Amino acid sequence: MQDKKPNNEKIKKQGKSLPSGIIIRLGKFVWTTMWHLMMSNLAPRNQSGEYIRPASQFRNFIGTQVDNPYQPQAGRYRLYIGLGCPWAHRTLVVRSLKGLEDAILVSIVSPSPNEGIWVLNQEEEGCRTLPQLYNLAVPGYQGRCTVPVLWDTQTKTIVNNESAEIIVMLNSQFNEFAKNPQLDLYPEELREQIDHWNEKIYHAVNNGVYRCGFAQTQQAYDKACHELFTTLDEIDAALAKSRYLCGDRVTLADARLFTTLFRFDVVYYGLFKCDRRRIQDYENLGPYLRDLYQLPGVSDTCDLDSVKRDYYGNLFPLNPGGIIPCGPDVSYLLKPHNRQGVSG
């Protein structure tokens, strides 16, 4: 029986399953141009392609000073937060640790994939979106509209939108309304140490993962990635001798680090290219993350589905297909951490 002759026409058609070189080059040019355009709006950069996070604009403080218009009161202030946002999440963590759920109201906003803004889950103050809320506070406001927002329901304005300052206020200014007033997350005797960790962690870790994910040049990414993992290695070594960052008690430094670590293996490891090592694979950072997660009330502030949806579903330049991964399995967060015996 003779072999059949090859069907040359069929082979030719099969050979065209990939686009031609000119189409590939054109596609790369168009996509790269559009990517840089979208990234310039999403993530401001310097000339080296490094992501530069803009400063927060509202920086008032709640306090008992006679001339301060923002006095501590239960039920007066509201937090607007996005469940996927690590900066907003830290305010929820401190609110929970202090037991301020009854004193500080919370409203949820979600990112709109089509509008590119935060949208309130339900209309409040006559506003549907976060930009509308900002414009209610400051008519004609044209700046960035970010979470968290500490809102004064009495004067209808934004007190503060800098998470690092909001958690200081939550720690100290509402003790008469707190269920855990004795818990001081920013004690005077540890403030120098806390501030040291906060400065290091903010640049290299909290913002460092964004500097990796939003880098627009290879050089900018390499620099950010090196600083990120050098600092994580340093933290891991410190945690071999201390249960928490500043000894045997939880502080604001731990709260600020926690929300980044919680998202790391789920989002930053893959989507932001922080893939040198997972947090759960570190000898001390992994158990430390589980220790913080298992503190009373902390896990209730963690919404993994929102984290994945907000990052994978809404950061179009990083994930154009919008496909949300089904994993990873985070049941390890409930495993024993055995950190009780680590002395500070």
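As the structure is a computational prediction, the values presented were derived from the model and not from experiment.
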(request) List the steps and the verdict of side chain to side chain contact (heavy atoms under 4.5 Å, CB included) for Leu228 and Phe264. (result) CA-CA 12 Å; Leu228 167 64; Phe264 198 97; 4.1 Å; yes
With distance as the sole criterion, is a donor-acceptor pair present between the side chains of [X] and [Y] under 3.5 Å?
X      : Y      : result
Ser242 : Asp248 : no
Asp152 : Thr157 : no
Ser107 : Arg78  : yes
Asp329 : Ser331 : yes

Tell me, do [X] and [Y] make a side-chain contact under 4.5 Å, heavy atoms counted?
X      : Y      : value
Tyr70  : Arg76  : yes
Lys200 : Glu234 : yes
Asn206 : Trp87  : yes
Val149 : Ile166 : no

Answer yes when [X] and [Y] have at least one side-chain N-carboxylate O distance shorter than 4.0 Å, and no when they do not.
X      : Y      : result
Glu165 : Arg59  : yes
Arg249 : Asp184 : no
Arg128 : Glu115 : yes

(message) Taking the cut-offs as 6.0 angstrom to the six-membered ring centre and 45 degrees off its axis, would you call Arg191 and Tyr186 a cation-pi pair?
(response)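 The answer is yes, since Arg191 meets both limits relative to Tyr186.
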Would you say [X] and [Y] are hydrophobically clustered, going by side-chain heavy atoms of ILVMFWY under 4.5 Å?
X      : Y      : answer
Ile81  : Leu252 : yes
Leu120 : Ile104 : no
Leu292 : Trp197 : yes
Val119 : Tyr141 : no
Tyr268 : Leu318 : yes

(message) Taking side-chain contact (heavy atoms from CB on, under 4.5 Å) as the criterion, tell me which of Val94, Thr91, Asn160 meets it with Met169.
(response)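 Among Val94, Thr91, Asn160, the one meeting side-chain contact (heavy atoms from CB on, under 4.5 Å) with Met169 is Asn160.
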(message) Would you compute the distance between atom CD1 of Ile201 and atom CG of Leu245 and round it to the nearest 0.5 angstrom?
(response)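 The CD1 atom of Ile201 sits 5.0 Å away from the CG atom of Leu245.
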(request) Any chance you could measure Leu261, atom CG, to Ile235, atom CD1, to the nearest 0.5 Å? (result)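 The CD1 atom of Ile235 is 7.0 Å from CG of Leu261, to the nearest 0.5 Å.
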(message) Over 60° means perpendicular and under 30° means parallel, so tell me whether Trp151 and Tyr80 are parallel, tilted or perpendicular.
(response)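 Trp151 and Tyr80: perpendicular rings.
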(message) Is there a ring-ring contact (aromatic ring centres under 6.0 Å, His included) between Tyr288 and Tyr282? Walk through the geometry before answering.
(response) CA-CA 10 Å; Tyr288 166 79; Tyr282 278 89; over 10 Å; no
(request) Establish, yes or no, whether a centroid distance under 6.0 Å links the rings of Tyr210 and Phe272. (result)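 Here the rings of Phe272 and Tyr210 have centres that are less than 6.0 Å from each other.
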